[in-house]
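Numbers restart at 1 for each chain; the letters A, B, ... are given by sequence-line order, proteins then strands. Computed over heavy atoms, backbone and side chain alike; hydrogens, waters and symmetry mates excluded.
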Amino acid sequence: MIHSAETPALGRKKHFGRYKKPSLSRSKGGTIAIFIFLIMVSVFMVMPMVYTIVQSLKPINEIFLYPPRFFVQQPTLDNFTMMIQLVQDMWVPFERYLFNSLFVAIVGTGLYIVVASMAAYPLSKLKFRYAALYYQIIVWAILFRPEVTRIPQYVIIAKLGLINTYLSIILPVLATSFGVFLMRQFMITVPDEIIEAAKIDGVGHFTMFTRIIMPMVKPAWLTLIIFTFQQLWNTTGGQYIYDETVKMLPTVLQQISSGGIARSGAGAAVALILMIPPITVFIISQSSVMETMAQSGIK
Amino acid sequence: MSAVQSDIKTARKVRRKPSFLKENGPALVFLAPFTLFFFVFTILPILTSIFFSFTYFNMLEPPRLIGFTNYIRMFFDDDVFLIALKNTLIFAFITGPLGYTLSFLFAWLINEFRRGVRSLLTLIFYSPVLAGNVYFIWVFMFSGDAYGLINSTLIKLSLIKEPIQWLTDPKYNFTVVTLVILWLSMGAGFLAFVAGLQSLDRSLFEAGTIDGIKNRFQELWYITLPQMGPQLLFGAVMSIAGAFAVGYESMSITGFPSTDYSTHTLVLHILDFGNMRFEMGYASAVAVFLFALMLLAWWIVSKTLSKLTD
């Protein structure tokens, strides 16, 4: 009823029209100037990423070259093969750590999107008592530094018997208010007319949430997926997990790369490999964010 | 008369009770799962920390209530705290507004391009945050010996004769840290802006062209910004949370403690007392004070933004 058959097509035509025939408000020179400016800043932004790649390809003698050079002279995959060797020598199979990290990141992200979006719906579109206060508390909680709450949090997790479980990593993330705030800010932009119209059609809260609100704030939860996955993937779980079989990949790989000077090239290799899953998630989500724009004719 | 009034009162009471659940029921159901986790793993630890701030707590013995002693100590008996406070405020005032403006500016500029270009530019600008701990590149570039990338270049161009101690000289290391923080500021706020720009009402832009919008700056001011209120507010909270919490960046680049505490901040002060000296009570007091600072900033910013976007 809201996404009628023509709207996507109409939206797409509008979208491409805007770029094929620049409207009056777009000067060609301006666009080119902006592009050149952005490319210049891009070099500055992307350099550390490039440096990590370069560093991971350096043989040992080049890593300790003095004076240091930015670029690699004789690229080698030694650092990667050394890392694989070290990984194979471990007591617990490598796949186990990979599974732990992926499981926590994927399940945790999925749960958080659901929990945070559910909480954001009443906070943005339903009237209930103390709604304004609840919203303020959610913002305040983002501003409190976690350095001092770690100890009480540890005690609570230990008392609940969650040490050495995946939940010890997932639950604290589900408790962060950041995602609720993000989802609320996007849901609030959904026009009330659409909600009123749906109500008149007899749509219940559950359908309203899953079929109307969530599709309309797709860019928001796709963005939230990026943040949450990245956060969970990078969690070392150091303070909650002591059992070798439930340890996370970053912890283990950091153990390897910190094993002496000769392994410092492996450190860059480790950093590079750990970057792959978050970048993959980023590219998939971000290109879908761009996609939604072409399809949402209604907004 | 009074009997009638009391009748009305009881009637109201009877009516109000079921109506509370009926009115708030759906909201409560949607809020329940998050609220449970939020209370147990976030609110409870925060309240505990606030309680600790009024105690002496070394994590071995049970906390001992000492009133406001920790708070008095911060201002009258801890010179390093005052340095940390000064640095935190300077970092916050520079990197907060600047990082915020830059992340909106870049999100907006990126949005001017076709989809493929836009995705690529977004990835590049977000890559410092995505890559995580890659501070070592900055250490390499600003290395204090004659072979550091910047020093060797400057010497080659004979702009300087002696290598500059970028990371340890209090004259320079503050600027270097500021630069790195700005480089890292394309984070949550930036991506929220990118996503927000995708959700704008297209028809308003066309209407704008008809109404005589002449260039992209007018379009930004009259059409884009007023629609971005919620995202701008989100970005502002993220900026405040980041700008007042500078510390890990400076620790990775200039070491801990930095020369004469030149880049020492409140977050590092909290880490120092909480993790190294086991004075959790005092660390909590500093954290509560930092929280109060951020609340003040949030209050000012939200008032200003609501005026701007209305």
Q) Looking at residues at least two apart in the chain, or sitting in another chain, which of them share a ring pair (Phe, Tyr, Trp, His ring centres under 6.0 Å) with F30(B)? A)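 Testing F30(B) for ring pair (Phe, Tyr, Trp, His ring centres under 6.0 Å), a comparison that skips the adjacent residues, returns Y121(A), F209(A).
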(Q) Give the interface residues of residues 32-42 of chain B toward chain A, defined by a heavy-atom separation under 4.5 Å. (A) P33(B), F34(B), T35(B), F37(B), F38(B), V40(B), F41(B), T42(B)
To check you understand the geometry: which heavy-atom pair defines the closest contact between [X] and [Y], and what is its length?
X: Y135(A); Y: L233(B); answer: OH-CD2, 3.6 Å
X: P230(B); Y: T189(A); answer: CG-CG2, 3.6 Å
X: Q286(A); Y: V194(B); answer: NE2-CG1, 3.5 Å
X: R145(A); Y: A245(B); answer: NH1-CB, 3.2 Å

**Q.** Audit row: F282(A), L191(B), side chain to side chain contact (heavy atoms under 4.5 Å, CB included) steps and yes/no
**A.** CA-CA 11 Å; F282(A) 179 90; L191(B) 280 197; 4.0 Å; yes
What I'd like to find out is whether the side chain of [X] reaches to under 4.5 Å of the side chain of [Y], using heavy atoms alone.
X: P122(A); Y: P26(B); value: no
X: P45(B); Y: Y154(A); value: no
X: Y134(A); Y: L31(B); value: yes

Side chain / backbone / both / neither for [X] at chain A, heavy atoms under 4.5 Å:
X: L109(B); result: both
X: M280(B); result: side chain
X: Y126(B); result: side chain

Out of [options], return the one with the most heavy atom pairs under 4.5 angstrom to chain B.
options: L160(A), V115(A), L224(A); answer: V115(A)
options: A220(A), G30(A), P172(A); answer: G30(A)
options: V46(A), L126(A), L182(A); answer: L182(A)
options: F181(A), F37(A), F128(A); answer: F181(A)
options: P146(A), P278(A), A120(A), S177(A); answer: S177(A)
options: T149(A), V180(A), L272(A), L143(A); answer: L143(A)

Q: For M275(A) and L130(B), run side chain to side chain contact (heavy atoms under 4.5 Å, CB included): C-alpha distance rounded to whole Å, both residues' side-chain angles, the deciding distance at 0.1 Å, then the answer.
A: CA-CA 8 Å; M275(A) 264 185 238; L130(B) 202 57; over 6 Å; no
Q. Counting only heavy atoms not in F35(A), do more than 12 sit closer than 6.0 Å to its CZ atom?
A. no
To the closest 0.5 Å, what do you measure between [atom1] ([X]) and [atom2] ([Y])?
X: E112(B); Y: I34(A); atom1: CD; atom2: CD1; value: 5.0 Å
X: I151(A); Y: T48(B); atom1: CD1; atom2: OG1; value: 11.5 Å
X: F186(A); Y: Q231(B); atom1: CZ; atom2: CD; value: 4.0 Å

Determine yes or no for a side-chain-to-main-chain donor-acceptor pair under 3.5 angstrom, with [X] supplying the side chain and [Y] the backbone.
X: E147(A); Y: A287(B); value: no
X: W183(B); Y: F44(A); value: yes
X: T223(A); Y: A195(B); value: no

(Q) Let's go through F106(B) and M45(A) carefully: what are the C-alpha distance in whole Å and the side-chain angles of both, what is the deciding distance for side chain to side chain contact (heavy atoms under 4.5 Å, CB included) to 0.1 Å, and is it a yes or a no? (A) CA-CA 12 Å; F106(B) 287 129; M45(A) 300 304 280; over 6 Å; no
Q.
What part of R150(A) gets within 4.5 angstrom of chain B, counting heavy atoms only: side chain, backbone, both, or neither?
A. side chain
Q) Given a strict heavy-atom distance threshold of 4.5 Å, which part of Q231(A) is in contact with chain B: side chain, backbone, both, or neither? A) neither
**Q.** Pair listing, side-chain hydrogen bond (donor to acceptor under 3.5 Å, both in side chains) test, anchored in residues 40-50 of chain A, at least two apart
**A.**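 Qualifying pairs, neighbours excluded: none.
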Q) Does the ring centre of F178(A) sit less than 6.0 Å away from the ring centre of F234(B)? A) yes
Q: Just jot down the side-chain contact (heavy atoms from CB on, under 4.5 Å) partners of L111(A), sequence neighbours excluded, or say none.
A: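 With sequence neighbours excluded, L111(A) shows a side-chain contact (heavy atoms from CB on, under 4.5 Å) to V107(A), I170(A), L174(A), given in chain and number order.
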Q: May I have the step-by-step check of side chain to side chain contact (heavy atoms under 4.5 Å, CB included) for I43(B) and I137(A), ending in yes or no?
A: CA-CA 9 Å; I43(B) 296 296; I137(A) 291 176; 3.9 Å; yes
Q | For chain A, the option from Q218(B), M238(B), M59(B) that forms the most heavy-atom pairs under 4.5 Å | A | M238(B)
